There are 2 protein chains.
Amino acid sequence: MARPRSFDEDKALDAAIACFWSRGLEATSVRDLAERMGIQGPSLYNAFGDKRALFARALERYATRTMRERIARFERLNDPKVAICTFIQDAIERSVCDPHRRGCLLVNSALEVAPHDKQLRTRIAAYLDEIAAFFRRNIAAAQAAGMTPETLDQADTARLLLGVLLGIRVLARANPDRALLEGVAGPALALLDGPAGTRTSKNRRGKRT
Amino acid sequence: MARPRSFDEDKALDAAIACFWSRGLEATSVRDLAERMGIQGPSLYNAFGDKRALFARALERYATRTMRERIARFERLNDPKVAICTFIQDAIERSVCDPHRRGCLLVNSALEVAPHDKQLRTRIAAYLDEIAAFFRRNIAAAQAAGMTPETLDQADTARLLLGVLLGIRVLARANPDRALLEGVAGPALALLDGPAGTRTSKNRRGKRT
DNA sequence: GCTATTCTTTAGCGAACGATAAAAATTATC
DNA sequence: GATAATTTTTATCGTTCGCTAAAGAATAGC
């Protein structure tokens with residue numbers, strides 16, 4: 001009953017993600033977006049509303065395709081401590097091998113966008129909370145499996161790991177040095193093993209390289 | 001031998017700091033800056049060069065008047081562990097009582113500016129390194145005083161604390177909740193006391209509120 | 001094939017951007 | 001008071017910004 005859309009909305013969203021990821025929300029122009037998405041400006045407005053709404057859509061897609069995908073993938077390993085360590089180590093690996101220093105779109109948005117936009121802030125806080133919940137869930141599982149000391153507070157340790165993750169992402173924007181980033185992560189991940197001298201075959205992680 | 005400047009350069013820089021702190025580098029216009037600095041656009045260009053050069057000057061002044069001032073003030077307490085804890089706790093306090101969520105200009109700049117500007121990135125990395133050096137210096141002093149376990153790696157623990165600080169600052173932009181931010185800091189600061197059960201009158205910190 | 005509906009394209013709106021040329025104003029030196 | 005040097009002011013420059021009106025193109029229902 002009407003002219004069909006001539007472009008793939010998901011592919012267009014992926015192009016928008018790439019734009020926002022590289023330059024952020026404010027510094028990305030609608031013209032840049034339209035060009036990378038392979039459409040004209042008015043088509044963008046027709047399909048997505050305005051730049052901010054497109055950003056919200058892009059961020060939601062990023063959360064699903066990147067953050068949630070990783071959480072699900074690492075949890076399928078069925079080793080909660082490995083899931084946590086792999087998640088952090090994966091962020092370090094990506095930071096070190098990221099010549100344009102794009103970092104994480106979610107972290108970038110938490111800093112650039114959250115303070116100035118109440119609606120997006122709520123969504124961003126919810127995404128961050130999903131990461132904290134992932135950490136907490138796996139800390140609890142590690143404790144239940146006797147791999148991590150019961151003395152660790154689940155909520156606070158999860159918060160620590162979230163803070164460490166964000167810190168790594170920020171630090172990497174200025175200085176993506178592996179020794180530095182692994183230095184940040186090391187003592188936090190070591191907490192999961194408990195104090196030296198209490199380690200058994202159950203709670204010792206493999207050597208981190 | 002020439003017309004003298006009619007404005008105070010430091011007061012103008014303070015106004016520029018306020019602008020960049022609230023909205024970042026890109027989102028702050030030269031017109032905003034000139035107005036808040038109480039001068040006309042061309043006077044700004046005459047005195048500081050361009051927007052980027054003004055930003056560099058503002059950031060350097062911020063580093064001295066805010067970051068270095070706090071480091072010096074907390075180190076004058078002559079208790080290395082208290083200096084570290086107070087630094088982190090101070091950042092939390094400021095984050096919680098910050099209705100505009102301005103955060104820390106240095107952290108904001110590390111994320112917004114560092115990836116896109118090599119010169120500023122070098123400076124920002126150096127500022128962050130000053131913070132890491134503060135942490136390391138005081139960890140070493142705490143160990144020398146028998147207040148902190150020798151088993152802690154000085155460099156990595158300092159890096160962890162830097163990461164935690166940055167993480168707190170980012171997290172606060174989206175969700176400046178005291179329980180959340182203190183949850184991030186708590187397990188990291190507890191590391192300085194060593195494992196529960198090994199604590200003596202020398203290594204026990206006061207209760208954190 | 002006509003109509004109704006939606007999308008795409010062309011063209012451009014007014015506003016804000018970073019930056020500057022040129023003139024007026026203010027000082028020190030002589 | 002004249003001169004030279006610097007700052008301040010006024011008035012823009014050309015560009016880019018987010019966004020949109022209007023016209024043309026493509027589809028489904030009849």
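Basis for what follows: all heavy atoms, side chains included, without hydrogens, waters or symmetry-related copies. These figures come from a predicted structure and were not determined experimentally. Below, read A as the first sequence line, B as the second, and so on, with proteins coming before strands; counting in each chain starts at 1.
- Listed nucleotides: D/dG18, D/dT9, D/dA26. Nearest to the side chain of A/Val30: D/dG18.
- Proximity of A/Ser6 to the phosphate of C/dC7: no side-chain N or O atom is located under 4.0 Å from OP1 or OP2.
- The aromatic rings of A/Phe48 and A/Phe7 are tilted relative to each other, their planes meeting at an angle between 30° and 60°.
- Formation of a donor-acceptor pair under 3.5 Å by the B/Asn108 side chain with backbone atoms of B/Arg102 is found in this model.
- In this structure, A/Tyr45 places its OH atom 7 Å from P of D/dT20, rounding to the nearest Å.
- Atom CD1 in B/Ile39 sits roughly 11 Å away from atom C1' in D/dT7 (whole-Å rounding).
- Here the two rings, on B/Phe20 and B/Tyr62, have centers that are 6.0 Å apart or farther.
- Following rounding to the nearest Å, A/Leu44 (CG) and C/dC7 (P) show an atom-to-atom distance of 13 Å.
- Judged by atom type and distance alone, B/Arg3 reaches the base of D/dT7 through a side-chain donor-acceptor pair under 3.5 Å.
- Separating the CG atom of B/Asp8 from the P atom of D/dT8 is a distance of 12 Å, rounded to the nearest angstrom.
- For the side-chain hydrogen bond (donor to acceptor under 3.5 Å, both in side chains) with A/Asn138, the qualifying choice from A/Lys81, A/Glu75, A/Gln154 is A/Glu75, the only one to do so.
- Ring-centre distance between B/Phe134 and B/Phe74: not below the 6.0 Å cut-off.
- Residue contacts shown for B/Pro42 include a base, since a base heavy atom lies under 4.0 Å away.
- In this entry the distance linking CZ of A/Arg5 with P of C/dT5 reads 18 Å, nearest Å.
- Each of D/dT8, D/dA26, D/dC19 was ranked by its minimum atom distance to the side chain of B/Asn46; first place goes to D/dT8.
- Taking the side chain of B/Arg31 as heavy atoms from C-beta on, and the options D/dT12, C/dT9, D/dC19, the nearest nucleotide is D/dT12.
- One finds no side-chain N or O of A/Ser43 lying less than 4.0 angstrom from the OP1 or OP2 phosphate oxygen of C/dC7.
- Among the heavy atoms of the strands lying under 4.0 Å from B/Ser29 are primed sugar atoms or P, OP1, OP2 only; no base atom is included.
- Taking atom CD of A/Gln40 as the reference point, atom C1' of D/dG24 lies 14 Å away to the nearest angstrom.
- If you measure from atom CE of A/Met37 to atom C1' of D/dG18, you get 15 Å, rounded to the nearest angstrom.
- To the nearest angstrom, P of D/dC17 lies 14 Å from CG of A/Leu25.
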